[in-house]
Amino acid sequence: MLQRKITAVVPIKLNNERVPGKNTKILGGRPMISYILQALLDCNCCDEIYVYCSQESIIPYLPDGVKFKKRPENLDLPTANFTQIFEQVLVDLPSDIYVYAHATAPFLKADTIRECIQAVADGPYDSSFTATKIQDFLWMNGKPLNFDACNLPRSQDLEPIYRETSGIWVLEKEVFTSYRRRIGKNPCIVEVPFKESIDINTPEDFQLAEIMQNY
């Protein structure tokens with residue numbers, strides 16, 4: 001079997017609306033972006049690791065072993081979504097397997113990243129992602145979602161529901177070209193604990209991250 005190229009991509013926008021400058025904001029004495037980049041380096045599974053940003057001012061934050069790739073400025077617009085960004089990634093950074101990771105998940109561990117990558121590179125899966133398990137009494141549109149209200153089970157016997165975190169997605173190139181999405185038809189769900197699931201999008205999220213960092 002031919003060795004498939006594995007490329008990690010960390011998309012970075014410096015003009016964040018809700019938490020200005022959050023990707024380079026200091027957390028625990030380090031710029032927040034340094035956490036995910038070091039975890040990607042430590043997992044030792046990627047052929048190349050790129051920070052994908054429209055501004056070269058991010059370069060001084062990159063450790064040895066991480067490359068910079070300039071992306072179009074229109075991808076910084078508030079309306080830009082994953083599909084638009086990833087379409088350009090395929091053009092700018094050709095690869096067989098992509099590791100799409102966010103700097104806003106600073107507590108994601110190298111072992112978790114390695115598990116996600118190996119599930120796709122060495123296993124039977126076409127994609128993988130991190131998630132937290134919700135095993136509680138859930139409702140949707142006024143109706144029970146995962147239980148029979150007339151025959152209540154024990155909470156530990158409830159059908160679990162998984163919530164994607166914003167940590168990492170690993171996908172074969174064909175997943176996106178075939179389905180136009182980041183998760184394929186045969187994904188591996190890698191469950192993570194609460195700390196690794198933290199995603200920083202608001203000032204309150206950042207305060208929580210500071211508490212967890214100092215805990």
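Note that CD of Q135 is 7.0 Å distant from OG of S155, once rounded to the nearest 0.5 Å. Distance check: I6 CD1 to I97 CD1 gives 4.5 Å after rounding to the nearest 0.5 Å. Here the straight-line distance linking atom CD of E115 with atom SG of C43 works out to 12.0 Å at 0.5 Å rounding. To the nearest 0.5 Å, atoms CD1 (I33) and CD (Q38) are separated by 12.0 Å. Residue S178 holds its OG atom at 9.0 Å from NZ of K185, rounded to the nearest 0.5 Å. Taking CE from M32 and CG from L37, the interatomic distance works out to 11.0 Å, rounded to the nearest 0.5 Å.
Counting only heavy atoms from C-beta outward, the side chains of V170 and S127 never approach each other to under 4.5 Å. Two residues are said to be in side-chain contact when any heavy atoms from C-beta on lie closer than 4.5 Å; S57 and L14 meet this criterion. Side-chain contact between F137 and L152 is present, with at least one heavy-atom pair separated by less than 4.5 Å. No side-chain heavy atom of T132 sits under 4.5 Å from any side-chain heavy atom of E191. Taking the side chain as every heavy atom from C-beta outward, V9 and V99 never approach each other to under 4.5 Å. Between E172 and Y125, every side-chain heavy-atom pair lies at or beyond the 4.5 Å cut-off. Put simply, the side chain of I189 does not reach to within 4.5 Å of the side chain of S128, judged on heavy atoms. Inter-residue side-chain proximity for E196 and T165 is flagged as unmet; no heavy-atom pair is nearer than 4.5 Å.
Judged by the 6.0 Å distance and 45° axis criteria, K25 is positioned over the aromatic ring of F206.
A donor-acceptor contact shorter than 3.5 Å is absent between the side chain of K133 and the backbone of I161. Listed for the D42 side chain is no donor-acceptor partner under 3.5 Å among the backbone atoms of A39. Between the side chain of R181 and the main chain of G184, a donor-acceptor pair closer than 3.5 Å is present.
In this structure, K109 places its NZ atom where only 12 or fewer heavy-atom neighbours from other residues, nucleotides or ligands lie under 6.0 Å away. The neighbour count for Q156 CD, taken as heavy atoms of other residues, nucleotides or ligands under 6.0 Å away, is above 12. Counting non-hydrogen atoms of other residues, nucleotides and ligands closer than 6.0 Å to NZ of K195 gives a total above 12. Within 6.0 Å of CG on N81 lie more than 12 heavy atoms contributed by other residues, nucleotides or ligands.
Of all the heavy atoms in K5 and S95, the pair that sits closest is O-OG, 2.9 Å. When all heavy atoms are compared, the tightest approach of C116 to I168 is SG-CG2, 4.0 Å. When all heavy atoms of A8 and C46 are compared, the closest pair comes out as CB-SG, 3.8 Å. Of all heavy-atom pairs between A103 and N23, the closest is CB-OD1, 3.5 Å. Between I36 and A105, the shortest heavy-atom distance links the atoms CD1-O, 4.2 Å. Nearest heavy atoms, R4 versus D47: O-OD2, 3.8 Å.
Side-chain atoms of D92 and Q88 include a donor-acceptor pair closer than 3.5 Å. Using modelled atom types, one finds a donor on one side chain and an acceptor on the other under 3.5 Å when comparing N201 with D199.
H102 and Y100 have perpendicular rings, their planes meeting at more than 60° on a 0 to 90° scale where under 30° would count as parallel.
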Step-by-step side chain to side chain contact (heavy atoms under 4.5 Å, CB included) determination, K173 to T177: CA-CA 6 Å; K173 175 184 176 181; T177 56; 4.2 Å; yes
Side chain to side chain contact (heavy atoms under 4.5 Å, CB included) between F147 and E159, intermediate numbers included: CA-CA 8 Å; F147 67 97; E159 187 72 22; over 6 Å; no
Side chain to side chain contact (heavy atoms under 4.5 Å, CB included) between F129 and I183, worked out: CA-CA 8 Å; F129 62 96; I183 298 173; 3.6 Å; yes
Test log, rule side chain to side chain contact (heavy atoms under 4.5 Å, CB included), inputs Y50 and E48: CA-CA 7 Å; Y50 285 94; E48 294 181 311; 3.3 Å; yes
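The same ILVMFWY cluster, assembled from side-chain heavy atoms under 4.5 Å apart, contains both L171 and Y162. Grouping the Ile, Leu, Val, Met, Phe, Trp and Tyr side chains by contacts below 4.5 angstrom, directly or via other members, places I49 with L62. In terms of hydrophobic clustering, with Ile, Leu, Val, Met, Phe, Trp and Tyr side chains grouped at heavy-atom distances under 4.5 Å, V10 and L108 are assigned to a common cluster. Grouping the Ile, Leu, Val, Met, Phe, Trp and Tyr side chains by contacts below 4.5 angstrom, directly or via other members, places F82 with L75. Cluster annotation: M140 and L138 are assigned to the same hydrophobic cluster (Ile/Leu/Val/Met/Phe/Trp/Tyr, side-chain heavy-atom contacts under 4.5 Å, transitive).
When ring centroids are compared, Y98 and F176 stay outside the 6.0 Å threshold. Taking the six-membered ring for Trp, Y52 and F68 have ring centres at least 6.0 Å apart.
D76 has a carboxylate O that lies under 4.0 Å from a charged side-chain N of R71, or vice versa, which qualifies the two as a salt bridge. Taking a cutoff of 4.0 Å between a charged side-chain nitrogen and a carboxylate oxygen, E164 and R182 qualify as a salt bridge.
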